[in-house]
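Dropping the structure in here first, questions after.
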Number of protein chains: 2
Amino acid sequence: MRDWDPAPPATPSPRASPRRSSHSIDVVLFTPRGRQLAVLCVRAADPRAREHWQLPSDRTEGDESLESAARRVVRAASGLDPAWIEQVGAFADGLAHPAGAELSVAFVAVIPSSADERAAGEHAWFSVSEPPLLPARHRAMLEAGVGALRTRVDYAPIAFHLLPPQFTLSELQRMYELLLGRRLHKASFRRALAAARLVEATEEWRSEGRGRPAQFYRFAPRTRSGARRAARAVRFDLL
Amino acid sequence: MRDWDPAPPATPSPRASPRRSSHSIDVVLFTPRGRQLAVLCVRAADPRAREHWQLPSDRTEGDESLESAARRVVRAASGLDPAWIEQVGAFADGLAHPAGAELSVAFVAVIPSSADERAAGEHAWFSVSEPPLLPARHRAMLEAGVGALRTRVDYAPIAFHLLPPQFTLSELQRMYELLLGRRLHKASFRRALAAARLVEATEEWRSEGRGRPAQFYRFAPRTRSGARRAARAVRFDLL
DNA sequence: TCAATAGTGTCTGTTAGACATTATGGA
DNA sequence: TCCATAATGTCTAACAGACACTATTGA
């Protein structure tokens with residue numbers, strides 16, 4: 001990954017009305033693009049650095065919560081509410097931040113892919129495998145954001161919220177593969193999905209395409225009443 | 001869990017020399033005590049609230065990193081370097097903080113149990129299952145800290161760093177059980193441990209005790225050259 | 001008929017937990 | 001002798017991945 005540290009961090013522009021905090025809220029915003037994850041970047045304001053990019057960012061205003069601010073950043077940058085959002089952590093440690101914030105709180109969020117990607121002008125989506133030149137602190141956040149997303153996929157219905165209300169099992173599997181960055185075994189995927197009782201079949205079938213039609217499913221998690229989930233065995237996943 | 005919100009947050013006392021940040025560094029510090037985890041709390045300064053407690057906390061100084069500051073907080077509160085430490089996240093969101101910090105960065109850390117627990121006076125260890133009256137933000141941190149510790153036990157040698165250089169397998173298992181807060185199956189624990197090649201037997205045996213003597217082991221992880229770790233299957237652990 | 005995709009059945013190796021058994025010391 | 005703890009062997013159920021096979025559409 002290439003890197004870029006802005007020479008003198010710009011002083012935050014003074015604003016008028018509501019009290020603005022001294023820390024920034026930065027969002028690693030992902031969307032599915034093809035078979036890969038794409039991350040949203042905004043062009044650096046500095047005209048000397050037209051090939052330098054940043055993550056969307058702002059400050060909290062008034063007594064707004066951290067997550068509210070992060071949702072606002074997502075809406076401002078993409079026009080959409082996040083399908084899922086979660087805090088990654090606080091970043092400081094001498095890694096330069098473009099807006100000069102002493103400390104930044106990073107969030108990771110996802111939105112479904114949309115035709116209106118606002119990719120014109122100052123916003124652009126980059127493949128996570130080939131990110132653009134970013135400030136040091138944003139590089140760290142991107143890496144942590146991918147990791148946080150992938151560890152959360154098993155515990156939050158992120159893939160389901162990225163799909164339309166009806167989807168085929170192949171579409172669901174492709175979404176999981178895209179989020180996790182690796183291929184999954186078809187039979188195992190469907191076995192585990194059936195055991196988890198998370199989806200139910202609809203009466204509709206996909207009409208298009210040239211293979212066998214696929215049945216549509218919808219996300220309909222069964223609240224497993226009483227059935228205690230078995231505790232997992234210890235793993236020794238050091239090194 | 002009981003709660004306590006300090007009525008008017010005390011204004012941070014002005015200090016002289018190094019630049020102090022506007023955010024606090026708070027540490028959820030655990031130690032093994034008996035078969036349970038204990039968390040270190042300090043007595044609230046306010047004399048009206050002698051039964052109110054807080055988590056150890058400070059501000060970063062100069063250009064000190066977040067983790068350096070957290071390690072300093074651990075040393076100041078316990079006299080020991082943490083055996084393991086990791087950031088939990090940023091907390092704000094209107095939950096009152098005792099030192100009036102707008103934003104707090106929480107860390108979770110562990111130290112081995114020691115005779116000198118500094119438990120006299122203003123410091124005390126509390127069982128995690130029966131924590132004292134804490135400010136709202138510290139209650140949230142304690143809950144998140146326990147969760148973060150338990151999810152990290154499988155991926156970092158936390159248990160090993162809490163034990164002396166030589167330990168029996170039963171001691172190791174009891175440490176894992178204490179950290180995870182649940183019982184483990186003995187045969188499965190040893191099978192998985194042997195497969196992970198993390199420990200090696202010494203020639204020494206425990207002399208005390210009234211049962212069969214146990215062999216001592218030491219932490220000696222074999223760097224698994226080449227042996228690619230199998231990717232885990234997807235879990236559908238929602239709800 | 002062929003290519004492409006959907007969906008399923010069977011087999012096998014691995015693993016986790018239950019259970020039982022042996023081993024070895026102290027009271 | 002009895003008890004407590006250590007250590008290990010065997011069995012079974014669950015599971016994950018490999019593989020092959022059937023099913024159904026459009027070109």
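The chains referred to below are lettered A, B, ... by the order of the sequence lines, with proteins before strands, and numbering in each begins at 1.
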Quiz prompt | Rounded distance in Å - CH2 (Trp205(A)) to P (dA23(D)) | solution = 14 Å
Identify all side-chain donor-acceptor contacts of residues 158-168 of chain B below 3.5 Å with residues at least two apart in sequence or on another chain.
from: Gln166(B); atom 1: NE2; to: Glu204(B); atom 2: OE2; distance (Å): 3.3
from: Thr168(B); atom 1: OG1; to: Glu171(B); atom 2: N; distance (Å): 3.1

Practice problem: Using a cut-off of strictly less than 4.0 Å between a heavy atom of the residue and any atom of DNA chain C, enumerate the qualifying residues of residues 157-174 of chain A by number. | Solution: Ser170(A)
Quiz item: Looking at Arg139(A) and Glu143(A), does any basic side-chain N land under 4.0 Å from a carboxylate oxygen?
Solution: no
Quiz item: If you look at every strand shown and take non-hydrogen atoms under 4.0 Å, does Arg235(A) touch a base, only sugar-phosphate, or nothing?
Solution: nothing
Quiz item: If we ignore angles and hydrogens, is there a donor and acceptor under 3.5 Å between the side chains of Ser24(B) and Ser104(B)?
Solution: yes
Quiz item: At what distance, to the nearest 0.5 angstrom, does CG of Leu142(A) lie from CG of Leu134(A)?
Solution: 6.5 Å
Practice problem: Round to a whole Å and report the spacing from CZ of Arg183(B) to C1' of dA16(C). | Solution: 17 Å
Quiz prompt | Rounded distance in Å - CZ (Phe216(B)) to P (dT5(D)) | solution = 16 Å
Self-check item: Flag, side chain of Ser78(B) to backbone of Arg75(B), donor-acceptor distance under 3.5 Å
Solution: no
Exercise. Take atom CZ of Arg183(B) as the centre, draw a 6.0 Å sphere, and report whether it contains more than 12 heavy atoms from other residues, nucleotides or ligands.
Key: no
Practice problem: Quickly work out the Gln215(B) CD to dA7(D) P distance and round it to whole Å. | Solution: 7 Å
Quiz item: Could you write nucleotides 17-27 of chain C as a row of B, S and -, 5' to 3', where a protein heavy atom under 4.0 Å of any base atom gives B, of only sugar-phosphate atoms gives S, and otherwise -?
Solution: BB----BBBS-
Quiz item: To the nearest Å, how far apart are Leu193(B) CG and dA7(D) P?
Solution: 12 Å
Exercise. Assess whether side chain to side chain contact (heavy atoms under 4.5 Å, CB included) is satisfied between Leu178(A) and Leu37(A), documenting all intermediate values.
Key: CA-CA 6 Å; Leu178(A) 182 153; Leu37(A) 274 178; 3.5 Å; yes
Quiz item: Just by distance, with hydrogens left out, do Arg71(A) and Ser68(A) show a side-chain donor and acceptor under 3.5 Å apart?
Solution: no
